[in-house]
Amino acid sequence: MKVLLTGGAGYIGSHTCVELILAGHTPVIADNFDNSCPEAIRRVEEITGVNVKSYELDVCDSEAVERMFSENDFDAVIHFAGLKAVGESCAIPLRYYRNNIDSTLTLLEAMKKHGVANFVFSSSATVYGVPERVPLVEGMPTGCTNPYGWTKLMNEQILTDAASADAGLSVVLLRYFNPIGAHESGRIGENPNGIPNNLMPYITQVAAGKLSRLGVFGNDYPTPDGTGVRDYIHVVDLAKAHVKALDYAASHKGTEVFNIGTGTGYSVLDIVNAFMRVNDLEIPYDIKPRRPGDIAECYADPSKAEKILGWKAEKTLEDMCRDSWNWQSHNKNGYDPD
Ligand code: WQD
């Protein structure tokens, strides 16, 4: 299939681009390089030996999107592009709503006009808000604690409504848990702007000597060691879920939602200890107060994805820790030259 990847130069987009090519699809990237760079696409080409067509554009720009759809006969869209920093979304909510909602509407309108029937959306476990219990099952109540999360949930609703009004449209909503790791080549990986907010990039930057110590946000949660528990998933497993979602969308109509996680929760200290053991490195850390907005535990029941998509995470915590460090240690400044 010819597949438009919005945000295809980003962390999850670039890994998905590789897996789509390996599965015989033809990805086309649209990215405004706001939080990503063209070098990631060059590296995807290097890994796969395939040239990837790309457009530098903003997916909210309906004229540019229209031109791109006129030039390509897309079979499907995978929509990764979006603003994604939780804290920033609380400071500038309107920018988040404008950008993350407008992009989806623009794509849906172009798809309708050009008869493109399949849409896979990057959603997030954040749509479960403060969960009543774990593991999380797709039918559980949703509700968010920050504007970023609301944009994900609103997009889920918009896509669901669009598919119920249009018998020709297929929508697959993928609720990602916590993606970490990198392609095993060490050529593509996560490249956060400034000081990372997320745990694994913070750990790898401490290991690289770019940051001095990790702060562990709270050790008094009702979890086995008191630190927060999450469902960390290797980004290559996550990328492969998109290939399965695409196949599913192409052979079913309507909307379906899937948790994309491993089903196993690890604490912050589990991650720190595994990282130190696998890579034979020290990660100095201090216990800090809880981070506002954090929940104690979040992990998936991923059985629906296994049953219906035929997808299951295969990589281990050790793989995630090894590949995260392999990427960071070989790309000290991410995609910027050393
Ligand atoms: C994981 C655990 C922290 C940093 C967020 C968003 C979510 C998604 C992914 C995407 C928690 C602890 C973290 C640090 C720490 N967003 N931690 N020290 O919060 O589960 O999910 O990112 O685009 O929508 O909410 O991920 O990696 O930030 O935190 O102790 O320096 O690590 O408290 O328990 P989170 P995270």
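The first residue in the sequence is number 1, and the count goes up from there. Remember, it's 1-based here, ligands and their atoms both numbered in the order they're listed.
- With hydrogens and angles ignored, the 3.5 Å screen pairs a side-chain donor or acceptor of N155 with a backbone N or O of N100.
- Within the set V268, L83, N178, T126, the minimum heavy-atom distance to atom 26 (O) of ligand 1 is found for N178.
- Regarding atom 18 (N) of ligand 1, its nearest protein heavy-atom neighbour is G215 O, 2.7 Å.
- Residue-to-ligand polar distances keep V216 apart from ligand 1: every N/O pair is separated by 3.5 Å or more.
- A cation-pi geometry, defined here as NZ or CZ lying under 6.0 Å from the six-membered ring centre and within 45° of its normal, holds between R290 and Y221.
- Using a 4.0 Å cutoff on heavy atoms, Y232 counts as a contact of ligand 1.
- No N or O atom of G228 sits closer than 3.5 Å to an N or O atom of ligand 1.
- The nearest protein heavy atom to atom 8 (C) of ligand 1 is not closer than 4.0 Å.
- For the side-chain hydrogen bond (donor to acceptor under 3.5 Å, both in side chains) test, residues two or more places apart in sequence or in another chain that qualify with D166 are K112.
- Checking only distances, Y202 never comes within under 3.5 Å of ligand 1, N or O to N or O.
- In the candidate list Y11, F177, Y285, Y148, Y148 is nearest to atom 16 (N) of ligand 1, counting heavy atoms.
- Looking at I287, V86, I195, it is V86 that brings a heavy atom closest to atom 25 (O) of ligand 1.
- R230 forms no cation-pi arrangement with F177, by the criterion of a distance under 6.0 Å to the ring centre and an angle within 45° of the ring axis.
- Heavy atoms of L214 found under 4.0 angstrom from ligand 1 belong exclusively to the side chain.
- Taking the ring centre of F258 as origin, the terminal cationic atom of K304 falls inside the region bounded by 6.0 Å and 45° from the ring axis.
- Partner Y299 forms a side-chain contact (heavy atoms from CB on, under 4.5 Å) with one of N259, V229, T264 and no other, that one being V229.
- Between the choices R213, R291, R230, the shortest heavy-atom distance to atom 29 (O) of ligand 1 belongs to R291.
- Under 4.0 angstrom from ligand 1, there are no non-hydrogen atoms of Y176.
- Annotation: F217 places an N or O atom under 3.5 Å from an N or O atom of ligand 1; distance criterion only.
- Counting only residues at least two apart or on different chains, the side chain to side chain donor-acceptor pair (under 3.5 Å) pairs with a member in residues 231-247 are Y176-H242, D231-T262, H234-D323.
- Taking OG1 of T26 as the start and CG of L20 as the end, the distance is 9.5 Å to the nearest 0.5 Å.
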